[in-house]
Amino acid sequence: MPLGSKRLAGITALIASLLLGSCGTGAEEVCDSPLVSNLPPSSFRSSSQLSSSHGPVFAKVNRREGAGGWSPLVSDRYQWLEVDLGRRTQVTAVATQGRYGSSDWLTAYLLMFSDTGHNWRQHRQEDSLGAFSGNSNADTVVQYKLQQPVIARYLRLTPLDWNPTGRIGLRLEIYGCRYTSDVANFDGSSNLVYRLSMLPSRTSMEIISLKFKTLKNSGTLFHAEGWRDHSLTLVLEKGRLLLYHQKGVTSPSGGKLLVSLGSLLDDQHWHYVKLERLSTHLNLIVDKNTQQVHIPAELSHWDIHQLSLGAVQSHGLQKPILSNRNFHGCLENLLYNNLNLIDLAKKTNPQVTVVGNVTFSCAEPVSVGVTFTDSHSFLQLPGPTSWSSGFISVALQFRTWNKAGLLLTYNLPQQQGIVWLYLSETRLHLQINKTGRTLLELSAGSGLSDGQWHSVEFNSTHDHLSITVDKDEGAIAHTSIPLPLTNSQLLFGGCPVQESSQECRNPFKAFQGCMRLLSLDSQSVDLIKVQQRLLGNYSHLKIDMCGIIDRCSPSHCEHGGRCTQSWSAFHCNCSNGGYRGATCHSSTYEQSCEVYKHKGNTSGHYYIDVDGSGPIKPQLIYCNMTEDRAWMVIQHNNTELTTVHSSPEINQHSAHFDYISEEEQIAAIISQSEHCEQELSYHCRRSRLLNTPEGDPFSWWVGGPGPGQVQKYWGGALPGSQQCACGLQDSCLDRNHYCNCDADYDQWANDSGLLTHKETLPVKSLVLGDIQRPGSEAAYRVGPLRCHGDRNFWNAAFFDKETSYLHFPTFHGELNADISFLFKTTSSSGVFLENLGIKDFIRIELSSSFEVLFSFDVGNGPLEVRVVTSVPLNDNRWHSVQAERNVKEASLRVDEFPAATQEAPSDGHIHLQLNSQLFIGGTASRQKGFLGCIRSLQLNGITLDLEERARITPGVRPGCPGHCSSYGSLCQNQGRCVERANGFSCDCGQSAYTGAFCHKEISANFKSTTSIAYILKEPYELSRNSSALPWSVYSDMTLKGENISLSFRTSQSPALLLYVNSFYREYLALLINKHDELELRYKLHSSRDVDVLESRVMNLADGNLHTVVIRRLADSVSIQIDQNAKEDFNLTSDVEFNSIKSLILGRVHESDELDAELATLASLGFTGCLSAVHFNSISPLKAALLHSDSPVIITGPLAESSCGSSSAVNPYVAETTHSLSDQPASVDPGQPLVNAIRSDSALIGGVIAVVIFVAVSALAIMARFICSRKETYRNQEVKAAQPEDSHEFPFSSQADSQSAPSENQKEYFI
């Protein structure tokens, strides 16, 4: 061969070998080799076969031998086909095919796996689905790739459904590859100990991983000891894995539980465990579930020195978590930081010590169980012939989640009686009944529905009967009732449906759960013979497996909801958590004070859940509802003014502020609010604050999210400026400094202002530096954090074209999805929201003017939830929609109408898998688009920014005006709704009420000398018409009607309530006469008699609150008192009320136009309470108390009060009364007042002297003022006299009224 040819051949061979090698490696990694085609005939078994040519050996894909596949003798759900792969194998896929040339194929089936040919385990898909889709004809091969590979030796396929025109027919292929592992068997007294040969270098991660299987529900898996006797112990307790941390030689036996995970792990199946120790936390992985826990600081740099497997082998300094509970079972692939410890033990490595009998193969005890799947399940066995003598013995083990169910029943033919052994309220009961009468009843045990295995023994002799639960004698009775069995059958779990009521009666629920180790007269029952129909009878059973599922591990209950379960369902208890729904997903609280206000709520404490269904917990916050704001007020531990005394030993004073809300709650509130602020005040005397912008500050504060950042500016200034408010305004005491306190004067000064930059809030701590010099004095105040506005609540978009929509990233709500929004429209239909997947989808739409439809599909077929309303939804008003879908149900709520719900299938797909964009206001097809406004759209607690996306989308506009049509009804008592860009406000100018919704009655206590005169016009102004104010419109016009309303409370009789006079000696008087009845007098003509209208309602001077409404139109007058019937009257004198002069409440000083009786009554005044006084558009009481510019003359004492309130006192509002004497006085002009108790008698005397001086001076000034002019306009509030220089009295000790949850009463004197 030529040299060139040899080289070419060599290169070709090399390339070929590399390609073949890579192909082999790739095939091994893919693990998809066919496993069935080369198996011998002995590897195939089945429940039955139609004929020898229909045997299981012919069930190979694409083979035509025999009859072309396997078919059982009878086509029912008790048939199965089993394949033995010869050794434990990794299975990755299964393929099915119908029987060749026939009409026989499967349409659905179950897959079972086992290592031993017993104790089968059903394979479930991701969504816990048990059923696999089969074939649609006899020829096509349908392959299903397992989402997670299965390690097993045996595979069993159980048909569920088949071609209805044929029978069961099957050909099968299994794909996978060889599986190798290292296994160790522990007998309950043996263990392995691994000791590190040298101290390892400390690493940031350590990993222990293994697989285990056991029939025991308790035992120690491993115990890891390390530095300073710290240890981690992983134990199995009642089928759950618990990880404990112990430290020190005095550690108690229990240690500290770090995490608990898993359930039902004592099922003799392999379970995967992995423990990762990272620098700050531990990850515990059990099968598919992961839980993370933060570790103590001492474990962050901790390394394992010794690892004990199967038991605790320590130095004897720590007590074991489980005393005398070694692990009994098998461990596989035990790795410590990728070091195979079982392999080291096999090789007798000196680092691994074997204690006791450890073998390197897994002993597999055979335990045949049976599953009672539903209410039709039963197992029927013949009673032993030896029982005819009256000696009866039955033993079994069971596990269930149900609190009730029949375990065993049999008849007593000779006594015409029946015996029932059953569960009720988690206890075991034995009852003997004869012809409807209970002869004997015993009970034993408790908590038997916990999913654990429990043993039961029932023994009876001729005079003695007992039931024993879990080896403890539970109930024993001496009885004379003979219990012999003669040809009687034992029925476990329930009764056959076809049996007559005489042969089997079950007044209890059927048993759903598992049983095993059944024995009669100490002889085990062969359940495999039962399965083969060779012994007894059964129905709706799964034999040789326990199909129990823990639906609470992992729990689908969110936000701390407590999970409980039955055999087929779980339930979440959401009580006291603030969440609702089947999985405690949706919050019961609103996300801001703004939302509460727009539901008509007034000031008070409310629970706020800032992120809805998100992880942040609800918090109790005070909401201060003003006419135009809804403030969220978050208090901390020191909002009072705090003094700082100078001390040469202390260079700095520091203060830390702890807020009532958690840090993440505050951060979320600040983020979603439109505006936040916090007062920061410093009062100083020879105590500097910030120095100069060029120098280091004496004081600073820390604020902002997380740990916060040092801030070197003060309230009212800009961040980073190192200035105070006066520096920004160029108004500081010393122009060379930027803070008043930096002037360092020997007199009181202050620097106060609001911090309004949200990125620096809240204030977390404060450091004051210039306090050590002699003579330095200071005080500071950090107010509560206050925020208003909700950017999420008002985020809106207006869709003006049916083809327009907004699109967002795919919505991820696989297990729980909640969607909430508000809409308003004039259209009768349109899609609000849609998101699609390959098959799954979710959609919410307005299907008609009266119906909202919520539809989705998670793989079980489309499901619809509808709410039909009694009012039209296309009325251009805001309507709310709340939709939720979780693993248990779907619900839809519209406004306050009853919610509609639809339960999810108990055994179906649960994951919502979407992949398209999320469409808002339309669909991808641009059909059925929505016309109108959508607002406050939230998905799983996260608000979508509709406005930002609308600004760049044609056909959609940001924002949506027009809120009064929806919220205007919240404005009460003639309050007027005013539109705002974000929301509305109530204008109470024309109402006798005040408050956020014009809901707060304005009331005052009157003494006999109190008088309020509301002057409509002075006499010399009669000829002028230059004013359009409310009090001027009546004097120049003639009234032909009045609308009058007021409330009163008094014990005075007679008493004048309201008096209105004119310049033409006409008047109107409302009074209570001497008979305690209401009387209305009209004198509308000076030369005619008075019209006296008397109500028939009696006992009005009884001290209770009464409300009067009077309407007059011309000569027709109506009077209604409280809830009594309206009374109608007619005037006879005149119908015109000309040139009104004044409205008077209380004592009338000028009564020339009155007759003698009324004049006497007017001079007596009124003693009691008046509230919500309204005369047409004038509210004299409101003007007197709240409006300083109103033409009101007040004489005598007047105190604002809540006396007019007929409702219960608001528990969130603290009511106090302040008068002139309540105003604090100061010792030193400008010195701050704090909440402190002073014992210095000289100081107290000085305080008293100043108080007396101020009070006397004030009285003297007021007396002189009254004498100089009797008629004066009264200001809203009489304040304490203050010097002209405001900095001499810089502040008050009273907390900011907007910040405190109280509304103050005030008294007025003149």
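Below, all heavy atoms of this structure are taken into account, side chains as well, without hydrogens, waters or symmetry copies. The first residue of the sequence shown is numbered 1, and numbering continues consecutively from there.
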>> Counting the benzene-type ring for Trp, do His556 and Phe570 have ring centres under 6.0 Å apart?
In response: yes
> Tell me, which pairs form a salt bridge (charged side-chain N to carboxylate O under 4.0 Å, His left out) where one or both residues lie in residues 134-153, sequence neighbours left out?
Replying inline: Asp84-Arg153
Identify, with sequence neighbours excluded, every residue that meets side chain to side chain contact (heavy atoms under 4.5 Å, CB included) alongside [X].
| X | value |
| --- | --- |
| Pro905 | Asn860 |
| Thr409 | Leu406, Ile418, Trp420, Leu491, Cys504 |
| Ser51 | Ser53, His54 |
| Glu332 | Arg88, Tyr179, Ser181, Val183, Lys211, Trp270 |

>> Using the side chain to side chain donor-acceptor pair (under 3.5 Å) criterion, which residues pair with Asn185? Sequence neighbours excluded.
In response: none
> For Arg178, what residues pass the side chain to side chain donor-acceptor pair (under 3.5 Å) criterion, not counting sequence neighbours?
Replying inline: none
>> Tell me which pairs pass ring-ring contact (aromatic ring centres under 6.0 Å, His included) where either residue lies in residues 76-121, with sequence neighbours left out.
In response: Tyr78-Tyr538, Tyr109-Phe132, Phe113-His123
> Is the shortest distance from a Lys or Arg side-chain nitrogen in Arg399 or Asp266 to a carboxylate oxygen in the other one below 4.0 Å?
Replying inline: yes
> Taking all atoms of both residues into account, what is the closest heavy-atom pair of Arg171 and Phe58, and its distance?
Replying inline: CG-O, 4.1 Å
> What are the two closest heavy atoms between Cys514 and Thr371, and how far apart are they?
Replying inline: SG-OG1, 3.9 Å
Side chains of [X] and [Y], heavy atoms from C-beta outward: is any pair under 4.5 Å?
| X | Y | result |
| --- | --- | --- |
| Gln565 | His571 | no |
| Leu111 | Gln122 | no |
| Val394 | Leu520 | yes |
| Asn402 | Ser449 | no |
| Thr400 | Leu423 | yes |
| Ser377 | Gln512 | no |
| Leu236 | Asn217 | no |

> Does Gln97 reach the main-chain N or O of Asn62 with its side chain, forming a donor-acceptor pair under 3.5 Å?
Replying inline: yes
> So, the side chain of Asn886 versus the backbone of Glu889: is there a donor-acceptor pair under 3.5 Å, distance only?
Replying inline: yes
>> If you count heavy atoms of other groups shown closer than 6.0 angstrom to CZ of Arg533, is the number above 12?
In response: yes
> Does the pair Lys238 and Asp450 meet the rule for a salt bridge (Lys or Arg N to Asp or Glu O under 4.0 Å), with working shown?
Replying inline: CA-CA 10 Å; Lys238 291 188 175 180; Asp450 58 356; 5.1 Å; no
>> When you measure from the SG of Cys557 to the SG of Cys552, is the result less than 2.5 Å?
In response: no
>> Quick test of your reading: applying side-chain hydrogen bond (donor to acceptor under 3.5 Å, both in side chains), list the pairs with at least one residue in residues 35-44, sequence neighbours left out, ordered by first then second residue.
In response: none
>> Is there a salt bridge (Lys or Arg N to Asp or Glu O under 4.0 Å) between Glu364 and Lys213? Walk through the geometry before answering.
In response: CA-CA 10 Å; Glu364 297 276 5; Lys213 69 187 307 185; 2.8 Å; yes
ring-ring contact (aromatic ring centres under 6.0 Å, His included) partners for [X], two or more places apart:
| X | answer |
| --- | --- |
| Phe327 | none |
| His812 | none |
| Phe398 | His454 |

> Trp162 ring centre to Arg167 NZ or CZ under 6.0 Å, with the angle to the axis within 45°?
Replying inline: no
